[in-house]
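Heads up: the structure comes next, in structure tokens.
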Amino acid sequence: MNVQRIIIDCDPGIDDAVSLLLALASPEVEVLGVTTVCGNIPVDATTRNALTICHLAGRDDIPVYSGAVRPILREPIMAEFSGGSGLGNAVLEAPVRKAEVLHAVDYLVKTLVEAGERGEKITLCAHGPLTNLALMIRHSPAVAKGIERIVLMGGAFRAGGNRTRTAEFNMLADPHAAAIVVSAGIPITMLPLDATYQAMATPERVEKIRAVPGKVAQTVADILTFWDRKDLKRYGSLGGPLHDPLVPAYVIRPDLFTIESTFVEVEWRSELCFGQTVADWYGRTDAAHNVDVVLGVNAEGFFDLLTERLASYGN
Ligand code: RIB
Ligand code: CA
């Protein structure tokens, strides 16, 4: 098996937590480290939650690096649906360790530059605001040589926004960072709301997870029950869209997804469209394609994968 080495940049966050649990149970990837960012909740809390989730997974060996405390230019915004701790109503064992001393951006720069010098490449999985990644690129553009691809959750095209009429949360939370990342010349796969709205954690799918014995699966069933947005008009079904776990799922099983390559820019000048992702679907510019946008998800295949991997934790 060709094991892909990955770093996960995140803001746990309920769906971020499920994403970490999926990646940590998947032999197709080796998680080198987790970096955290201000997003769903302040960075101190996202860092603590990342440590808590690694502990739940029995993976206190995974280093966690705390990152940017605020976006590059705009004021921080927080997510609306993550619960007080950021992990819904889950009652979890406190972490037994602290984050590493090194800052997340310094860790990313060091690890990726060194990998590039050795001729190796690492995949970056990102499902929070892109502040750490933008700072990393501005700090040391040479990181590009050590990056296989950035696979990120963010953006909205035909789906429209979830935090404003035009913008998805991760893009809106730091649009200047997102603009830096998508224009950096690094291969990018983007999972926008158009894709994630196809991965609904319906009551039936959550019940299949609840039927799996073990603390990890039970915790995920609990937090996904909290995640139920009850917004039939927006999502077309009960449950909530499970955005972030699609990122490691794409790395592990790209055959479950369909993509379209295009030129994408992130808007940061306009008030109405602040944080909007804008694609050139019909070739109206001469710009080179910079993003593979995921537009199709085999949702049954994804939930089967997630359920199987949660079962692998055992009791
Ligand atoms: O818009 C979805 C994104 O924002 C996800 O990363 C989720 O964690 C939410 O906060
Ligand atoms: Ca997230």
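Counting starts at 1 for both ligands and their atoms, following the listed order. For the numbers below, each heavy atom of this structure counts, side chains included, while hydrogens, waters and symmetry mates do not.
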| said: The test is side-chain hydrogen bond (donor to acceptor under 3.5 Å, both in side chains); show your working for Arg149 and Thr189 and say whether it passes. | reply: CA-CA 7 Å; Arg149 173 167 289 273; Thr189 301; 2.8 Å; yes
| Considering only N, O or S atoms, which atom of Asp11 is nearest to the Ca ion (ligand 2)? |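 Within Asp11, restricted to N, O or S, the Ca ion (ligand 2) is closest to atom OD1.
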| query | Relative to the Ca ion (ligand 2), which of the N, O or S atoms in His127 is the closest? | reply |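 The Ca ion (ligand 2) is closest to the His127 atom O, counting only N, O or S.
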| said: On a heavy-atom basis, I'd like to know which of Asp15, Asn162, Leu193 is closest to atom 7 (C) of ligand 1. | reply: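 That would be Asp15.
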| task | Look at the N, O or S atoms of Asp15, main chain and side chain alike, and state whether any lies under 3.0 Å from the Ca ion (ligand 2). | result |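 No - counting backbone and side chain alike, Asp15 has no N, O or S atom under 3.0 Å.
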| said: Under 3.0 Å from the Ca ion (ligand 2), is there any N, O or S atom belonging to His243? | reply: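 No, since none of the N, O or S atoms of His243 sits under 3.0 Å from the Ca ion (ligand 2).
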[X]: numbered ligand 1 atoms lying under 4.0 Å from its heavy atoms:
X	answer
Asn170	3 (C), 4 (O), 5 (C), 6 (O)
His127	6 (O)
Asp244	5 (C), 6 (O), 7 (C), 8 (O)

| field | Pair Asp15, His243: side-chain N/O donor-acceptor within cut-off below 3.5 Å | value |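 Side-chain D/A pair, Asp15 to His243: absent.
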| Asp280 and Thr262 side chains, donor-acceptor separation under 3.5 Å |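 Looking only at side-chain atoms, Asp280 and Thr262 do not form any donor-acceptor pair under 3.5 Å.
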| said: Before moving on, can you tell me the angle at the Ca ion (ligand 2) between the OD2 atom of Asp244 and the OD1 atom of Asp16, to the nearest 10 degrees? | reply: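 The two atoms subtend 70° at the Ca ion (ligand 2).
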Is any NZ, NE, NH1 or NH2 atom of the basic residue among [X] and [Y] found under 4.0 Å from an Asp or Glu carboxylate oxygen of the other?
X	Y	result
Arg70	Asp174	no
Arg253	Glu28	no
Glu207	Arg205	no
Glu117	Lys145	no
Lys215	Glu93	yes
Glu204	Lys208	no

| message | Just to be sure I read this right, does ligand 1 sit under 4.0 Å from the backbone of Met153, its side chain, both, or neither, counting only heavy atoms? | response |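 Met153 to ligand 1: side-chain contact only, backbone stays beyond 4.0 Å.
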| query | Between Ile14 and ligand 1, which part of the residue brings a heavy atom under 4.0 Å of the ligand: side chain, backbone, both or neither? | reply |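 The answer is neither; Ile14 stays 4.0 Å or more away.
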| Any N or O of His243 closer than 3.5 Å to N or O of ligand 1 |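 In fact, backbone or side chain, His243 has no N or O that close.
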| said: Side chain or backbone, does Asp11 bring an N or O within less than 3.5 Å of an N or O on ligand 1? | reply: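 So ligand 1 has no N or O lying under 3.5 Å from an N or O of Asp11.
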